[in-house]
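One structure is given below, encoded as C-alpha cells.
To find a chain, count down the sequence lines: A is the first, B the second, and so on, and within it residues start at 1. The figures here come from the full heavy-atom set of this structure, side chains too, leaving out hydrogens, waters and symmetry mates.
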Number of protein chains: 2
Amino acid sequence: MCSLPVPREPLRRVAVTGGTHGNEMSGVYLARHWLQAPGDLQRPSFSATPVLANPAAAAACRRYMDRDLNQPSPPDDPYEVTRARELNQLLGPKASGQAFDFILDLHNTTANMGTCLIADSAHNVFAMHLCHHLQLQNPELSCRVFLYQQPGEESYAVHSVAKNGIGLELGPQPQGVLRADIFSRMRALVAAALDFIELFNQGVACPAFEVEAYRIAGTVDFPRTKDGDLAGTVHPRLQDRDFEPLQPGAPIFQMFSGEDVLYEGESTVSPVFINEAAYYEKGIAFIQAEKLTFSVPALPSLTPTPTPVP
Amino acid sequence: MCSLPVPREPLRRVAVTGGTHGNEMSGVYLARHWLQAPGDLQRPSFSATPVLANPAAAAACRRYMDRDLNQPSPPDDPYEVTRARELNQLLGPKASGQAFDFILDLHNTTANMGTCLIADSAHNVFAMHLCHHLQLQNPELSCRVFLYQQPGEESYAVHSVAKNGIGLELGPQPQGVLRADIFSRMRALVAAALDFIELFNQGVACPAFEVEAYRIAGTVDFPRTKDGDLAGTVHPRLQDRDFEPLQPGAPIFQMFSGEDVLYEGESTVSPVFINEAAYYEKGIAFIQAEKLTFSVPALPSLTPTPTPVP
C-alpha cells in the first residue's frame, strides 16, 4: 500500500467495523446500535455500512473464539478463518475492484493511548488527510497517528480487505467494559471521519501539510522465567506513559523479586500499547515507536459528480 | 457466620488464595510467585499456604472455565465444580474442625474501588479487627470495608470453605493486565494481614472500636433492549465514583439514544463495583450499598501458647 493512489472517484462504499475483537466494547456496541439505527451513518453522497465483524466473539465477550481476526490465516478452519472469508466476501474481495472504498475499524485498548488513529503508512495520502481532519476537528483530544506497517510487510488488518481504511484505537478501557466517555468519543470521531469523506466526495481539495506520526520500530517482551511465565511487569514509571519519550537507562520493568530493569536501547523511543491485555500472549509488553514528521502532499479535489438518488 | 466466635487458639492454618478468578492478575501472579518463593508468607507462629485457586482459568486468562468458583455449585460436573471440591478438600472441609483457620482471597476489579476489604458481616469480630488493622497500617490507602452477606444467605465465597476469611478487592485494573502499583499494594496488604494474625497469635489484645462499612443493599442492572442487549451504559457522572453518595435524581445511565436515566431510589446510597466487567453477565451495572457505622467489641487476647517447632 506504500504508493496507494489517491481516489479519483467519490467513496460510495464505506463500512464501519466494530467488534473485530469481541471484548473491545465501544465498537461492539456502536456496530450493534447502528445496525438498529443506521441514520447516524448517512451522508448526502453515501451511507456507511455498519458491520459487527466478529459476532461470535462479541456474544462471548472474548477477543476471538479460535484466533485473532487481525492475524494471517493458517490453512485449518477455526471460526475466525471462516469469518475472515465472509468479511472478505462482504467487504472485498481484497485487492479487487469490487472491494469497499474505505473501512473504519473500531478498537479499544487497555493502554493509556488516548485517541489514536492507526494507518498503514504515511504514504497513504488519503488516510493521512483523514487523520489530519480528525486532529483539526478535535484539538482537545490530541489525536495521535500510529503507523503500523513495517517495510515489505503485508497487512492483515481487517480494513486491509477494502481499498483503504484506518483504525481508531481508544483507551484506556478494560476489556468487557463499556465506558460512556469513550463510547461518545468514538461515535464523534466516526461522525467526523464520515464528514471528511463527504467533503472529499463533494469536491473539496485539501492542501499539503506536515504531520507528526509514530512509526512501529520493534516490540519489547516482559521479563520471563525460564518456563516462560512473567518474572515482573511494567514499571510504575512507564505504566500509562504511552507516547512519552523513553530514554536509555530509564526503568521499564519491576521484577517480582524487587529490582528494576532499565531500558537498554541506544536512543530515545516512544513506547505505545504499554501493558495492553491482549498482547501478553503475543509476547509484547510494549511497542517501540519512532516519532517522525512526514510531509503529506495535497489531496486534489475530485471533479464533482452528481449524488445518486438513493 | 453472623455470630462467629472469636478464635480461642492461635491461627496456624492460614491460606492466601489468588486466581479464584483467573483474569484478576494481582492474585494470580502473587500466588505463582509465592509458590516459588514462600518466604514472604512465613511468620514466627505460622506459614501461610499460597494457593492458585483456579489454575486452568489462570492459564487461559479467563475469569472461569465453565462457571464462577464464587457461586453455588449445580449437580453437574464442569471444571469449577471439580476444582471447588478439591479446594474444599485442601482448605476445608467447610464447617468442619479440620478446615483452615483463615483464608485471604485476592481479587481485582475493573471498577474504581481503590483498596476494598470484603467481609461477610460486621458481626465477624476477628475479621473486623483485621480490617481495622489494615486501615490503621495504611492510612494513605483509605481502605474501605464492604460487607457482602445479606441476612439469611449462605456464603459461597472461596474463603467460606475455611473457618474465617476476608477478600481483598483492588482496582481499577483491567482483566488480563498486571499493574505494578496494584501488585505492590496487594502484596503489602497481605503482609500486613499476616502480621496482624501473628500479633493475635502472640497474645496481643485489641480494644473495641467503631468502623464505617458499606453493606450490600441491592443491585441495579443496565438499561436493556427488549432482546436483553444493553441500551445504554453507566453515566459519565457515575463512572469511577465508587463509594461516593448517589442521590435520588442523579444520572446513572446514558442511553445510546442520548437521554439520561436518573436514579429513582428514595434515599442516598453508595454505589460500588460500578461498571465491573465481570458483572455484565450477572445483570449488575452497580451494587447499591448502605454506609453504616458499627461498634466492634474488643478482641480478647489469647493465652500465649508455645510456637511449635516446624
Does A:Tyr280 reach the main-chain N or O of B:Leu178 with its side chain, forming a donor-acceptor pair under 3.5 Å?
yes
Are any non-hydrogen side-chain atoms of [X] and [Y] less than 4.5 angstrom apart?
X: B:Ser184; Y: A:Gln254; result: yes
X: A:Arg179; Y: B:Val234; result: no
X: A:Arg32; Y: B:Asp229; result: yes

Count the heavy-atom pairs under 4.5 Å between each of A:His33, A:Gln173, A:Gln175 and chain B, then report the option with the highest count.
A:His33
Between A:Asn275, A:Thr110, A:Asp181, which shows the greatest number of heavy-atom pairs under 4.5 Å with chain B?
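Top option by heavy-atom pairs under 4.5 Å: A:Asn275.
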A:Arg237 atom CZ, neighbour heavy-atom count above 12 within 6.0 Å
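It does not: A:Arg237 CZ has 12 such atoms or fewer within range.
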Atom group of A:Phe183 that falls short of 4.5 Å from chain B, counting heavy atoms
side chain
The interface call for A:Asp240 against chain B, heavy-atom contacts under 4.5 Å, is side chain
As an exercise: rank B:Glu276, B:Gln36, B:Arg187 by heavy-atom pairs under 4.5 Å with chain A and give me the winner.
B:Arg187
Could you have a look at B:Ala278, B:Pro174, B:Ala231 and say which one has the most heavy-atom pairs with chain A under 4.5 angstrom?
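Looking at each option in turn, the highest pair count goes to B:Pro174.
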